[in-house]
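So the structure is just underneath, and the comments pick up after that.
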Amino acid sequence: MHIHEPRTQVAIVGAGPAGLTLSHLLAAQGIDSVVVEARERHEIEGTIRAGILEQGTVDLLSGSGIDTRVHTEGARHDGIELRFDGRGHRIDFARHVGRSVWLYPQHEVLKDLIATRVTDGADLRFGVSDVALDGVGGTEPQVSFTDRDGNRTRLRCDVVAGCDGSAGVSRKAFPDGAAQDHFRTYPFGWFGILAEAPPSAPELIYAHSERGFALISSRTPTVQRMYFQCDPQEAPADWSDDRIWDELQARVAGEDGFSLKEGPIFQRGVIPMRSYVRAPMRHGRLLLAGDAAHTVPPTGAKGLNLAMADVQVLARTLTDFFGAGDDRALDTYGPTALRRVWRAQHFSYWMTSMLHTDPGGSDFDLNRQRGELDSVTSSPAGSTYLAEAYTGWRLSL
């Protein structure tokens, strides 16, 4: 079999938000890259994913020449509601920190990124298989793969960017003992639904109740996304539409008479809750970004935004590396990115522990959570911290 051996400066493994954005940012600096991805383009664009974009992520998308629709099709949110003891308490982001978030699904972000890279003539290899990384500990790494036509390619490069998620090959390419994995599994999951219904509220509602947590979100004016805390082993098929709506309504019910607007449920599933960090995020000429390096529980809406923050740092690092031609320029990436990662891990853990009921908890734990929620919502300092963290820390971290 003939093996093709092209060369590029940066081989990017994974065409998710991290990989595609990195490709775009590098191109703006005159740095060549090739993106390899196991999925086909239609699979990436057709997989419905949640999306709360921080202020900094929106600024990156709209300010770096990416043809995005976030400002025309996304929904700007200037706050969220924390709901407990049967009443809603709004955290006003605009008033506390002068920043906002946008409700804009991840698959729409990916459509924008792919369209922009295709228009710019980027080298995107979709539908590849048998991806393997070699020589990442030295100065001549390679990424080998088979394309959709069965041709074997050995892509030679200077640096590999591992942006292929938690189940990808990049993380596995680290030799034993080269990094430490920090991991936490939570004793609950999220039962998520998509329903045909009008919005129940103008902004997201994070609800704490004795029955457990619930999140009321939206996708479009006619499709709503909602979640409630459940056993991670729960079987979605055991829940009828009526049973799901009864549970959600019970978790948001209160003295103010608030209730959800119901409709047919056309998708349901259980999401596990976990936290993960790999440190360091680099081995030799292999640098990880996004879910390949870290995972957060979705309570803090940080996953996609952390990936975007990673690649901004990584693009700057690689620009310095190619300018200096010295591997020492790569040393700053991991420590800089990890500072923000650990802040996001703390915020996501804090939001999760404050809002979810502990399956083994007591009345003390339940009332302690109420006290914490009261402190956050009644204190300008507490509300400001939540607003700052939720809308995103500035990149100078």
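Note that these values count all heavy atoms, side chains included, but never hydrogens, waters or copies made by symmetry. Quantities reported herein were computed from a predicted structural model and do not represent experimental measurements.
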For residues Tyr206 and Val97: do they belong to one hydrophobic cluster (side chain heavy atoms under 4.5 Å, members Ile, Leu, Val, Met, Phe, Trp, Tyr)? no
Going by an N to O cut-off under 4.0 Å, is there a salt bridge joining Arg99 and Glu388? no
In this structure, CG of Asp331 is separated from CG of Asp320 (nearest 0.5 Å) by 12.0 Å
Using a 6.0 Å cut-off, check whether atom CG of Asp176 has over 12 heavy atoms from anything other than its own residue. no
At their closest point, which heavy atom of Val143 faces which heavy atom of Ala11, and how far apart are they? CG2-CB, 3.8 Å
Cation-pi check, Lys302 onto Trp393 ring (under 6.0 Å, within 45° of axis): yes
Residue pair Thr153, His4: steps toward the side chain to side chain donor-acceptor pair (under 3.5 Å) verdict: CA-CA 5 Å; Thr153 297; His4 302 278; 5.4 Å; no
Can a salt bridge be assigned to the pair Arg243 and Glu247 using a cut-off of 4.0 Å between side-chain N and carboxylate O? no
Which residue pairs satisfy the ring-ring contact (aromatic ring centres under 6.0 Å, His included) criterion with at least one member in residues 261-305, sequence neighbours excluded? Phe174-His283
Report the distance from atom CZ of Arg340 to atom CZ of Arg343, rounding to the nearest 0.5 Å. 9.0 Å
Between CG of Asp291 and CG of Leu306, what distance do you get to the nearest 0.5 Å? 9.0 Å
Quick check: are there more than 12 heavy atoms from other residues, nucleotides or ligands sitting under 6.0 Å from CZ of Phe183? yes
Measure the acute angle between the ring planes of Trp350 and Phe347, then classify it against the limits of 30° and 60° as parallel, tilted or perpendicular. tilted
Can the ring centroids of Phe213 and His356 be said to lie less than 6.0 angstrom from one another? yes
Taking Arg69 first and then Glu73, would you say they form a salt bridge - that is, a charged N and a carboxylate O separated by under 4.0 Å? yes
Tell me, with the steps shown, if Glu45 and Arg39 meet salt bridge (Lys or Arg N to Asp or Glu O under 4.0 Å). CA-CA 10 Å; Glu45 296 180 339; Arg39 296 167 296 170; over 6 Å; no
Side chain to side chain donor-acceptor pair (under 3.5 Å) between Thr116 and Asp67, intermediate numbers included: CA-CA 6 Å; Thr116 298; Asp67 185 16; 5.3 Å; no
Do other residues, nucleotides or ligands put more than 12 heavy atoms under 6.0 Å from the CG atom of Asp363? no
Are there over 12 heavy-atom neighbours, none belonging to Tyr349, within less than 6.0 Å of that residue's OH? no
Please report whether the ring centroid of Phe228 lies less than 6.0 Å from that of Trp239. yes
Glu262 vs Gln249, side chain to side chain donor-acceptor pair (under 3.5 Å): CA-CA, chis, key distance, verdict: CA-CA 9 Å; Glu262 301 181 7; Gln249 295 285 13; 2.9 Å; yes
Answer with yes or no whether the hydrophobic clustering places Val13 together with Val35; edges join I, L, V, M, F, W, Y residues whose side-chain heavy atoms lie under 4.5 Å apart. no
Are Arg274 and Thr295 close enough, and set up right, to give a side chain to side chain donor-acceptor pair (under 3.5 Å), and what steps lead you there? CA-CA 7 Å; Arg274 56 182 178 264; Thr295 305; 5.0 Å; no
Do other residues, nucleotides or ligands put more than 12 heavy atoms under 6.0 Å from the CD atom of Glu140? no
Under a 4.0 Å threshold between the charged nitrogen and the carboxylate oxygen, would Asp241 count as salt-bridged to Arg268? yes
Shortest non-hydrogen contact from Thr391 to Ala387? OG1-O, 2.7 Å
Quick check, are the ring centers of Phe191 and Tyr227 under 6.0 angstrom apart? no
Between Arg83 and Glu203, is the closest basic N to carboxylate O distance under 4.0 Å? no
Does a side-chain N-to-carboxylate-O contact under 4.0 Å join Asp327 and Arg285? yes
Tell me whether Phe145 is reachable from Ile12 by hopping between hydrophobic residues (I, L, V, M, F, W, Y) whose side-chain heavy atoms are closer than 4.5 Å. no
Assess whether a salt bridge exists between Asp256 and Arg87, defined as any Lys/Arg side-chain N lying under 4.0 Å from an Asp/Glu carboxylate O. no
How far does OG of Ser275 sit from CD of Gln345, to the nearest 0.5 angstrom? 4.5 Å
Same cluster for Phe84 and Phe258 if Ile/Leu/Val/Met/Phe/Trp/Tyr side chains link at under 4.5 Å? no
Regarding Asp326 and Arg328, does a basic nitrogen lie under 4.0 Å from an acidic carboxylate oxygen? yes
Ile31-Leu60 co-clustered via ILVMFWY side chain contacts under 4.5 Å: yes
Do the side chains of Arg154 and Glu5 get close enough for a salt bridge, i.e. N-O under 4.0 angstrom? yes
Of Asp158, Asp32, Asp123, which meets side-chain hydrogen bond (donor to acceptor under 3.5 Å, both in side chains) against Thr8? Asp32
